[in-house]
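A short write-up of the structure that comes next.
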Amino acid sequence: MKESIKRRDFLKIVGIGSVYLVAKNIIPGGAVSTLLKITQTSPTTNSGKRWGMVIDVGACIGCRQCTYGCKEENNIPNIPAPMQWIETFEMEQNEPITRLNSVPSNQSKTSYIESPIHGKWYLPIACLHCDDPPCVKLCPTGATFKSEDGIVEMNYDKCIGCRQCMAGCPYNARSFNWGKPQIPQENVNALVPVRPIGVVEKCTFCQHRVREGLLTKCVEICPVGARHFGDLNDPNSPPSKLLETYISSALLEEMNTKPKLLYITSGKKWFEEEG
Amino acid sequence: MENHVDKILESMENTGQAFYATIGIFGMVVLWGAYAWYTQFTVGMQATGLNNTVMWGLYIATFMFMIGVSHAGIIISTTIRVFKLDKFKPISRIAEGMTLVGLAMAVLSVVADIGRPDRILVLFFNLRIGSPLAWDLIILSLYFASSAFYLLVSMKHDISLITGRFKVRDGLYKILGGIQNVITPKDPEKYENMLNSISIVILPFPLLDSGMVVAFIFSLLGARPALNAPFIGAYFLVLAIVTGIAAIVIVSMILSRVYEWDEIISEEVIMGLGNYLRVGIILILYFIFNQHFTIQYVSKSATLVVSNMLLFGSYATLFWGMIIAGFVVPVLLLILPNRNKVGVLIASVLSILGLWINCVLVVVPALTFPNIPFNWGSYIPSWVEWSVLAGILALGVILYAVLIKLIPIVELD
């Protein structure tokens, strides 16, 4: 009898102890609350804004100035391998945006040399900053999260490099640092952190610029004005006005991710206006 | 029976040159794997063949496979207790050992896959309960803990039998025996009840692991339509259980051969496992047929491309090789009227190779052809990946070999 009481006590201590350890480590980390909501708040993001972008694919000439401007602005490395947050695809004239073709005619559509070419149109894709982002739902540490102003952000210090977010992104918008990124010291933009090795990164909607009242680099640099950025909560912002005027479409709409990067075609395609 | 006990104790006592040679050879493989992993850690994941489109490869496939191996213990030891299948009793502890070693290998495969293994503590302190990876971490930890606990409790009589028999190891047995005396009741009937209760707790773990949380890592990826299917959980469960059965046949046959335990691990046991293996492989073929038939008939492009690449495209050789050599031939071997245990062993070896290739073919093609058609990728594993995996496997062999020396791997009473 004495033996069995001792045993019970031992099991009780082990049981309570382990529950305490689990609870202590998991619950104050905000695990339960982050399960319920994917949005994080902070003083800088609590501005009542909801950032969004509209790209006019009818106007885009595929020059990829946005890609290169973005690379400079955001310290995106060429070493060990070229990386880009904005990919621009060269499309055939009769190709819709979300063509789920079983055999694409041209797989390396981002490596075209000359643009614009008559009869082709161009589709730039970056992180769409979904309102219901699959990457945020999948992330085990909260390294990627949605801010109150709608930007899907990365916390590079929390990323363990499991790449679950990349597997879950329907748009292939995320890149992994397969090696240690190297950028010449004189080219580093001090406002943007240079990423460590082994973490995931992606377009930030130039959060360091837009929260200071500037436009994103890609919008600023676009030579034909195909990109429009602003607050979707403000009916007078450029993207809101365009969305009111034109029929818009989201990439892979059936995924129900509710992207804040939307596409319009304002009238004719660029080559038809010319010709 | 006395004779059996002597034989088993002899296997623990006499550590010959063959044992040290085995440890030495596999130890060198472990060192090689460690070197490869160190390379990967210093230069980054660019040492692998992975890329931004195919971001998971052999490591994750091996994780899935090793979870299957780890189910051996549950399939054998707890089911014989719950369903009273006493004929498999001689191999029950062999299987429990495989659970612990298999889980260790599974965890190592995942650690090899993540880009920042140095940040593993970040994961523990910032765990988001909404992430499938967190569910895996929790369920697999519980699985490991309860399996280890079961092994500890079930060894009570054996440990008390061997305490005092060995010189160096006796301290370990005294500690284990002390713990066992505290946590288990003295009354034999209550002790049996305790073992039965733990078995019932452990029994649903394959369903929770392979059937749910491991499958959820893949099936919750809306961006990969070939994986994002409701049947994936049931399919993974069957894959994992069959892997466990094939693995236990192989390990039992090796032990029986090395230590001449033919009388202990009888032909009847191996043939019985062969019967389950046969049913399992037929179920796998049924799942594969249904998957491809559905995709081909509906021909939705995002899944059709994956199916086409497997059936007729770049993965066809591997796929049909796996179907024929890994599944169809084993089934034929297992329905031969005059089959023997060597036949069952060959079938197990073939099917376990097929099952590992199947894990790779479930993961890789589905990632290679994502939803957006312009970002198709390709993946060829690098020497680093092969070496790290060889190292993990060799480490598993060493762990198991040491385990055999430390505990009676066949129940003594």
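Note that the structure is a prediction, hence the values are computed from the model and not measured. Proteins come first, then strands; the chains are lettered A, B, ... in the order of their sequence lines, and each starts at number 1.
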Who among [options] has the most heavy-atom pairs with chain A under 4.5 Å?
{"options": "B:Leu50, B:Leu220, B:Ile217, B:Ile120", "result": "B:Leu50"}
{"options": "B:Ala366, B:Gly44, B:Ala223, B:Ser299", "result": "B:Ala223"}
{"options": "B:Leu221, B:Leu367, B:Asn52", "result": "B:Asn52"}

Original post:
Should the ring pair A:Tyr112 and A:Tyr122 be called parallel, tilted or perpendicular, given that the plane angle runs from 0 to 90° and is split at 30 and 60?
Top reply: tilted
Original post:
Should the ring pair A:Phe176 and A:Trp178 be called parallel, tilted or perpendicular, given that the plane angle runs from 0 to 90° and is split at 30 and 60?
Top reply: perpendicular
Original post:
Side chains of B:Ile202 and B:Phe149: closer than 4.5 Å at any heavy-atom pair?
Top reply: no
Original post:
Below 4.5 Å, heavy atoms only, C-beta onward: do A:Cys135 and A:Lys202 meet side chain to side chain?
Top reply: no
Less than 4.5 Å to any heavy atom of chain A: does that hold for the side chain of [X], its backbone, both, or neither?
{"X": "B:Thr53", "result": "both"}
{"X": "B:Leu227", "result": "neither"}
{"X": "B:Leu137", "result": "neither"}

**OP:** Counting only heavy atoms closer than 4.5 Å, note whether A:Met166 contacts chain B via side chain, backbone, both or neither.
**Re:**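 Both backbone and side chain.
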Original post:
What part of A:Cys162 gets closer than 4.5 Å to chain B, counting heavy atoms only: side chain, backbone, both or neither?
Top reply: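 The answer is both parts of A:Cys162.
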Is it true that the side chains of [X] and [Y] contain a donor and an acceptor less than 3.5 Å apart?
{"X": "B:Arg119", "Y": "A:Thr141", "result": "no"}
{"X": "B:Trp56", "Y": "A:Gln164", "result": "no"}
{"X": "A:Tyr171", "Y": "A:Thr257", "result": "yes"}

Count the heavy-atom pairs under 4.5 Å between each of [options] and chain B, then report the option with the highest count.
{"options": "A:Gly142, A:Pro80, A:Cys139", "value": "A:Cys139"}
{"options": "A:Ala81, A:Cys159, A:Pro134", "value": "A:Cys159"}
{"options": "A:Asn177, A:Val200, A:Leu138", "value": "A:Leu138"}
{"options": "A:Gly161, A:Gly198, A:Pro140", "value": "A:Pro140"}

Original post:
Does A:His129 offer a backbone N or O that forms a donor-acceptor pair with the side chain of A:Lys260 under 3.5 Å?
Top reply: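 Yes, because the side chain of A:Lys260 sits within donor-acceptor range (under 3.5 Å) of the backbone of A:His129.
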